[in-house]
Structure formats: C-alpha cells, structure tokens
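Only this structure's heavy atoms are used, side chains among them; waters, hydrogens and symmetry mates stay out. Residue numbering restarts at 1 for every chain, and letters A, B, ... go by the order of the sequence lines.
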Amino acid sequence: MKLVKVYVTLKKSVLDAQGEAIKSAIHSMGYSQVADVHMGKYFELNFADDYADLEKDVDAICDDLLANPNIETYRYEILEAE
Amino acid sequence: MKLVKVYVTLKKSVLDAQGEAIKSAIHSMGYSQVADVHMGKYFELNFADDYADLEKDVDAICDDLLANPNIETYRYEILEAE
Amino acid sequence: MKFAVINFPGSNCDMDLYYAIRDGIKQPVELVDYRSESLAGFDGVLIPGGFSYGDYLRSGAIASQAPIVKEIIRFANEGKIVLGICNGFQILTELGLLPGALIKNEKGRFICETVALKVVNNETAFTSEYQANEVINVPIAHGEGRYYCDETTLKELQANNQIAFQYCENVNGSVEHIAGVMNQQKNVLGMMPHPERAIEEILGSDDGLKLFQSIINYQVRVNN
Amino acid sequence: MTEPTAKQIKDEKLYQQWGLTDWEYELISAKILKRLPNYTETGLYSVMWSEHCSYKNSKKVLRKMPNKSDRVIAGPGEDAGILDIGDNQAVVFKAESHNHPSAVEPYQGAATGVGGIIRDIFSMGAQPIAVMNSLKFGPLKDGQTKHLVNEVVAGIGGYGNCIGLPTVGGEIAFEDCYEHNPLVNAMCVGLLNSTDFKHGTASGDKNLIVYVGAKTGRDGIHGATFASDEFTDTKNKQRSAVQVGNPFIEKLLMDACVEIIEKHSEWILGIQDMGAAGLVSSTAEMASKAGSGLILNLDKVPQRETEMSAYEMMLSESQERMVLCVKPEFVEDVLAFFENYELDAVVIGQVTNDKQYKIYHLDQLVTDIPVDSLTEDVPEYDREEVQPQRMIDEQDYHFAPEITDLAATWIEMLQRPNIASKKHFYQTYDSQVRADTVVRPGSDAGVVRIRGTKKAIAMTNDSNSKYVYLNPYVGGQITVMEAARNIVASGGEPIGITDCLNYGNPENPEAFWELDKSVEGIASACEKINTPVISGNVSLYNEYNDVAIYPSPMVGMVGLISDIDNVTTSAFKDNGDLIYLVGQTQDDFNGSELQMAQMGQLKGNLRDLDLDQEKLNQDLIRQAISQKLIKSCHDLSEGGLSIALAKSAFDNDFGFDIKTKLTTAQMFSETQSRFLVSIAPDKQADFEKMLQTDFEYLGTVTTEPEYKVTTATDSVVVDGKIAAKSWKEAIACLMK
Ligand SMILES: Nc1ncnc2c1ncn2[C@@H]1O[C@H](COP(=O)(O)OP(=O)(O)O)[C@@H](O)[C@H]1O
Ligand SMILES: [Mg+2]
C-alpha cells in the first residue's frame, strides 16, 4: 500500500478568510507573536501497491477533485503505508 | 521566524463522512484502486523567532482552538521559516 | 426573569431570540456583547444561532475563546439556566459544557426545513410544559448539526436522561437521532432546532413557545 | 513589472487589450485630456467606459422603461431604488447579475454576487430583509453541469446563510443555451425605517473620504471589463479575475452601516459600496454626482498584498468594502465606531471643488483627470438592429401537440427539470432566519412580514426566456405579468420592479433587436400595472463561441401586502373546497414546456398579450383575496393547468375531482393571464358574482390523493402519490 498525503492551500494572492479569523482569535488568546496563519486542507489517500502510474493519477485526482485550481494549489508526498 | 505546520485529523473512531464522500467520488472518476480517504485540516503558523516556549504555546493553541479533542487529534512540526 | 442573549461577531439569530423573549413570553431581555465580562443580574443565558465568526475553523470554535465565556461557564456551574440554540449548541460543546460534538450533516449539505421532534424528557427546566413523548414541529437550519458522541458518553446520556429532544426522522445522521442534550445537572441545554423561530402561527408553528414558558415556570418554582 | 509609458500605450495600442477602441482612446487623449493618458489613467478609463460600468450600449434602451410612480423615492442612478410603503417606511431593492464570474469560479462567483447585491441595499441605509436568486444552466446531463449547479447553489447558500438573510424565493431553469454561459442573478430587498436616505455622493470641499471594510488585494482586477467580454474557450483560462467572498466580514459591515446611518446620520454625507471596478467606480461616481473633485492617497488604503500598483488598487474588486464621505469634525467618531465592530476604517482622501480626480501613490501624482470624464463623457452607442430571421421564417408555425395518454404525459411533465420541485436546491438556503418569513420558497412569491405592523412584503424573481426568444416584445410583457401574477396570487399589490437584462453581444444586430424589443415589452407591461422600474442591471456578451443565450430578461418584482391576513398560498386547504380556473384558455403551445418535451426545440410565434384582460384578471383576484373569498391561489405558468392543479394538491396530500371543457392537450396550454383558485363552498355565489371575467368551475378538492379528471376528450385517474413522488424526486435523481 502507498500512502499519499496531499496538502491543499490557497494561492498566496487569494483572501484566506479563515486564516485571518483564526489569527485574530490566537491574538486575543494572548499569543501576539503569531505573525500569520493560513488554513488549508489535508488528505490521506491509500492506494493499492501495484499501482501503474501513481503520480499521474494523483495529479488528476488533485486537479479535478481535491483542489480548486481557480484559488488553490496543492502538493503531495508518496509514502509506503505501514 | 519559525514556521509551524499543524495537521488536524479526525480520531479513528469518528466517522469521516467527507472522506467517504471523496472516496466514492474518486471511485466514480474511475480510480478504483483508492482504498481509503481521510480528510483533515492543515495550518501554517508563523511565529516570531525569539519565542520562549514555542512548543508549550503551540500545544495550547492546538488544544484550545485548532483541534476539538472530542473528535480530533493533531500533530505538528516546527521548521525554520524561509 | 431576566435573560441575556449573547452576541458574538457574526451571530445572526440574536435578534430572533431577543424578540422571542420580549414578544413571545414577554420577559425582560438584553443583548450582551461578547467582550463583556459580567453576567451579573441575569437569570438565564441564551446563546443564539447563526454563524459566529463565520463558522470558520469549526462552528463555535472561535467563539469559545471570547471574553464572555468565562462568565458563561461560571453561570452554568452555579446551576443557572443556559440555553444554546444551533450555533449556540455548537459553542456549548466546544466549551465542554455539553458532551459530544456537532459535525457535518450526513449528506454534507445545509438543511433548512421544519422537522418533527420528540420530547424525550419532559421533566426538565426546559421541557416541563410539554407532554412526555409529545411530537412538536420546529425548524432546523444547519450544515453542521450531526450530533456525535462516543458509546460511553451515549450510555451516560441515556442513563441520566440527558437527551431532551430527538428527531422523529434522522435528518442529519445524529447519534440516536439526538436533536438536543443537557448537562448532568440539566441546567444547560443545547439543541440544533430553532424554537425561537416557532413562536407564532404565522411563521408556521408556535410549538417552540412552551420551551421558553417552561424556563419561566421552572424559575418560579425555584424562587418559591 | 515596469508600467508601459503613455507613448507605448498609444504606439502599441495596449489600450485595446483593455477593451477601449481606437476611437474611444482618441476621444480621451485628443478631446478630453489633450495629452496621452498614462498607464493608471488608461486603466481607469478602460474600466469606467466598459459596458458593465457605463451602459454605453444599453443606456438608450433603458430610457424606455418607466421609473415614476407616487411611491418612487429613488430610482435608477443610486445603488438601489426606493419605494414608499406608507407609515414613513420604504422598501429598497435591486438585482444584479454575476454570470461570468460564476462561469469561471462557480462557488465564489455566486457567493460574491449575493454579497455584492446585499451591499447595494445597505449602502442606502436600509436593513436588508431577504434575498432571492434566478439561475439558468444547461441541461442536467453531464457531470460538469451538475458540478456547476452544485457549486453555484452552495455559493449562494454559503453567503446568504452565513450573513443571516433569508433566501425566500428564486428560480432555476435548464436550457441548452446556458450550458457554457450560466446565468446567476441575485436580488436583495431591504427596509428603510424612515423615508430619508443617504445618497452615494461626496460633496463639500475638505470633507473626508473614509474607506471601511476588508483589505484590498489583487482580486478580480479588470473584473468589470471581463464581465462585459464574450466568453470563448481560450478566455476560460483567464483565472486571475477570481474574487473571494467573506460573508463574516460583510455581516459586521452590514450591521455597522445600518446602525451608523440610523443612529448617527449627521456624521455621514454619502455612502457607497465598492462593487464592480472597486475604488475608482465608487469614488468617481460619488464625486461626479455631487459635482465635486477628489484627492485620494493610495498609500493609506488597507492592503492585503505587497507592492500593489496604483492601477491594481484602483481596479481591485476585493469584496466587503465601502466608501463614506464624512464631515471632518465627526471623523474620529466614525473611525471609532467602526473600530468597535473590529472593521478597518481609514481616511484615504478628501473632497475638493475643482472637479478633478487626483490620485497619489508613493508620493507621486499618478492620475489627474476631470472626474466627469470617467462617468459623464462616456460615449453612448446607437446599435444597429434587425429582427432575427428565425422570427420571420417561423411566423405562421403553430405547434400542435399530440397526447395519447394524459396520465403518462402528466407524470412526464411533472418530472421535467423546469417544472419539478426545486426543493433539493432551496432547502440548502436558510429561508427563515430573522424570524419574519411568512411564505417560504415553494409557493408563488416569498412573503416577509414587517415586524410591528400588519404589513408584509411579497417578492418574486421571474423570467421565461423561451417566450422572449420566440417573441421578445410579447416575451418581455409576459415576464413582467408572470411576476405580477405571483405577487397577486400571494395577496400582494405589485408596486415596482428591478431587472437583470441578460443578452448576447449588442454589436450583433439581431441580439440588439432582442434587447430593444423585450425592453419595450417590459416597459409597456410595467406601465399597464403601474410598476416602475426602480433599479436593475445589464449583462451583455453572454455568448460562448459566438452562440448567444436566449434573450433572458429577469424581473424581480416587489408587492405590498397591506394586511398580513391576506397572505394566500397555492396549496389547497380543505376537503370539499371548490376549484376554479380564472381566465380563458386557448391553444398556446409555442414556447411551452410541452413543445420542448415533444419536439425538443422552440418554434413559432407568440400570440399578442391582451394587457387589459391581464390587468382585469389580476385586479379581480386581488379583490377576491381582500374580500376573503379565496383559500388558495396559484398562477398558471409552465405546463399549464395540469401542473398548477398537481402542485396545489401536493403540499397537503389532497386529490381533486374535476371536469373541464378544455381538451386534453389544453390541459398543458400556457395561455397567459390565468389563475387556479380554491374557495370554500359557502362562498360560491359571492365569488362567481364578483368574477367579471372568463372562468370555469372545475370541481372539488378531495381527501384521497387521487386526481380524477374528465376533459372534453378523455377521462383519467392519476395516482397522486406517484405524481407527487415524481415531482419531488426528479431533481435529486438527476443530480446523483
Ligand atoms: N436594466 C436596468 N433597468 C433599470 N435600471 C438599471 C438597469 N440597469 C442598471 N440600472 C441602474 O443603473 C444604475 C447603475 O447600475 P449598476 O452599475 O449595476 O450599479 P452598481 O454601481 O451598484 O454596480 C443603478 O441605479 C441601476 O439600478
Ligand atoms: Mg452599487
């Protein structure tokens, strides 16, 4: 089994409304040294081991489903699943 | 600057309805070899460098805000921000 | 009986609740700002529905860090009446004043509809005006209203009669159809349905009125 | 990036990429400025002179619409129109399209469409009380369209639910022509508790310009020209124009603006939202309207990104921002007021009396142009128009349906996406927040009561582009009258409309003819029933690879219900009630849903609409409602009588037993000006006596969900449970 970890984040230029709200909550909790907060999505996908073209398919799944290319970017890492 | 990456995932015992829905969407796209999908949250926090007790504060921020201990767990890594 | 309706940034059912108290059961009521540090002088605290902080991060998570919550916790621990509706319920679970959590609806979508609820426990400060097992019609409007708790917690809830309301039909996939639960002492109630939207026939139902009347009657009994 | 010089812009004709023509550029440099505009200035002209901001192609047509009545307090020209509803109260409303942004990024496009129209309402000082929407998509066949629909619906709900305004009505239609060019129109209605309001003006030398709300980023730069640009495959890649909404901030902004205008009116001279073409459009319009000039200092503008150019800041369409004009002696109060709401508020400029528009950035004067040249000097175009050839060719065609099995056709029609229940979508909208909604989506118009009074506001969004395609003039009239029938059937008096005019490329003479004639149709209908057009929006260039959408005007109508006891819904109420069809039925099948079902295309002309008859029927229904003669009322629209009957029966699981003179096919005719009503048996004599128009007694409401129908040609019994299930589940089934 392969474990693919996908990280989807907003493009730098896109407003991160949640990150902003979380940042001010963290400040109001007293941690004023937090300079910046960004929020994204995290996925873990398990793939069968004998997978032919894993990267190509992960790219397609990310492009078409997990990330919205208008506003988000993604990266991923492929690991051996325990 | 320190960059803290936080990963929040649902506890195994909590049903991951979104993960399930994404899995069936992936299957209907034709990638039937995807065995399992889990969805979580991903945060990037930037901290000032001269931070006294970084880990303690990150723990507190995660416990009190970023994760709900009833249903979620978290882990994080501390990196040097570029 | 004097009520406080807590106003968090983004709360949007605060006025609905305010009017339900003022016009529905004709009791004194005030909006209390989330930055306020005192609930002195109030007999009941109401946490309204809506989208505090836009429901960002998790519904209710950011509100549970606001200055007023210390007071709400004190108030609850003193055995006084605390009612959280919809987002208010989510805030109460985030605060740990109620067990469990509210997660995304089973079908993943927001649902606005008037649903049938069963009054499971009618011997509480919030439900005494209802008959046991009475079925009432109350609107819901939520995207994250699926009640979740683990097995052990569920057993405790049942053993201690902490379940106040159940959905007749499980609209959102909640554990045991749970629509509203109380703390052990039963002075804190959280519920996803909106009784404050069901206090006038012209709006479709007045079945929510008895919930507020129950609170008043309970207070009268306590005071005597 | 270094900006091109003024000379480069001219020599390399860079202005063309921004949508300015050679002639327009010449006009700006030779006549208006008498010098070459620099990079920032050229950008300002290109966006302010776009169709979206200037209406340069449509202005002449728009003037045909009536905009006066005894109730009108403000009409076109403000952020939204205002109508007096008595007791020192007024209703404020407007609709706006967000078609292109929604095609590119459906969730955010739809969400920011809702956010934008809400700002137009509270910038008038009104408390928004409800929102609605009108959506058009391609057929629900492929995954891509379903995804688009899901995302648009989620975006509308996501914004409206979060900000806490009930979505009380709307419409969703599906036709081939919208497959690559969906329409997303949103409307907002507000209430003003005093008949004074704040104009969007910046007047008085040395008064200050205050920026409030979200920070400025590079969102949707050139969104306005983009919205007026035709769609092609290649432009689909133009993804930098995506704006992202933040309904949480807008909720704070809305509450703050409503409160500051209500409690501290004296602090503020003018207020306007930043919509299309953001900072430049809002500030230039405010100054121009007041006959003032303006100095802006962009270094003061709250910024989300670094190293933004003056051009980017002026054109950014970042959401949730407002501009205020404030007297200097109150500026500290104003800033403190917004700070208490945790909103950014800063002084970014000052009013002057020289009518110049001056912008400083990084201590340099980057723009110095006459303010009126951005708003008043825009050329107006007189476009060529010709009647579409198809109308001439198909003039005498009459579609004659064939129905061999009434029951089967009935069920089939109930399942058609344009007719089937839209609950699958609208149940994801909170329709009750604010606890004032008396009639939720699912009846004819949405109804919201005015707390503390006996009054209520009825509202509806309507369009049937199939009719407009076949005959723009009659189709335009029908659009207004269908909206009016919805209001009337709900117990209201129609008092005014807003519109979104969604059309193809105005440079195409046939498309322009469609625009012109349908507006004439809208205007004539509005005149007939005294519903002025008090606001609206134009969206042209709705084409994909040169194929235009149907001409698609959307009418948003508002009605006043003076006594809340008159609120009427379409659902049958009691067993034994008598059912009547009011109005005359003819063979009107061109443009009908039955034609689409049987023929798969639209063809033929429409019969002229008799406006006198239409008005008479509406007046009679209103009279019957106010005399408490009617228990349910439903207007007849797509699918005709059979569909209206079934829909009236569904809510309370009733059946009916009727006999009609109509033929079986006429059960689906879409003749205008008709209503289906039910009354209590003891009201029969009074009702028939007052009904001075064509009507037919059909039969009775029954308890068993069985539809027993005898037409002139057939007799059937339809199982109401199956009918209801077909109608209720069709959409959810298609969306799987
Ligand atoms: N189709 C129309 N019918 C009537 N009025 C219109 C129409 N289109 C635009 N208007 C009016 O023109 C003015 C400018 O509209 P618009 O540019 O859409 O407003 P905004 O500046 O808020 O985007 C508004 O007052 C609007 O009501
Ligand atoms: Mg505007």
- prompt: Between B:Met29 and chain A, which part of the residue has a heavy atom less than 4.5 Å away: side chain, backbone, both or neither?
  reply: side chain
- prompt: About how many Å separate CZ of A:Phe47 and CD of B:Gln33, when rounded to the nearest 0.5 Å?
  reply: 8.5 Å
- line: Expected contact set for residues 7-16 of chain B against chain A at heavy-atom separation under 4.5 Å reads B:Tyr7, B:Thr9
message: Report, in residue-number order, which members of residues 71-79 of chain A are under 4.5 Å from chain B by heavy-atom distance.
response: A:Arg75
- prompt: Rounded to the nearest 0.5 Å, what separation is found between the NZ atom of B:Lys41 and the CD atom of A:Gln18?
  reply: 8.0 Å
query: Taking A:Asn46, A:Ile61, A:Leu45, A:Val34 one by one, which has the highest count of heavy-atom pairs under 4.5 Å against chain B?
result: A:Asn46
query: Looking at A:Gly40, A:Ala60, A:Ala48, which one has more heavy-atom pairs under 4.5 Å with chain B than the rest?
result: A:Gly40
task: Counting only heavy atoms closer than 4.5 Å, note whether A:Leu66 contacts chain B via side chain, backbone, both or neither.
output: side chain
task: Could you check which of B:Lys23, B:Lys2, B:Met1, B:Met39 has the highest count of heavy-atom pairs closer than 4.5 Å to chain A?
output: B:Met39
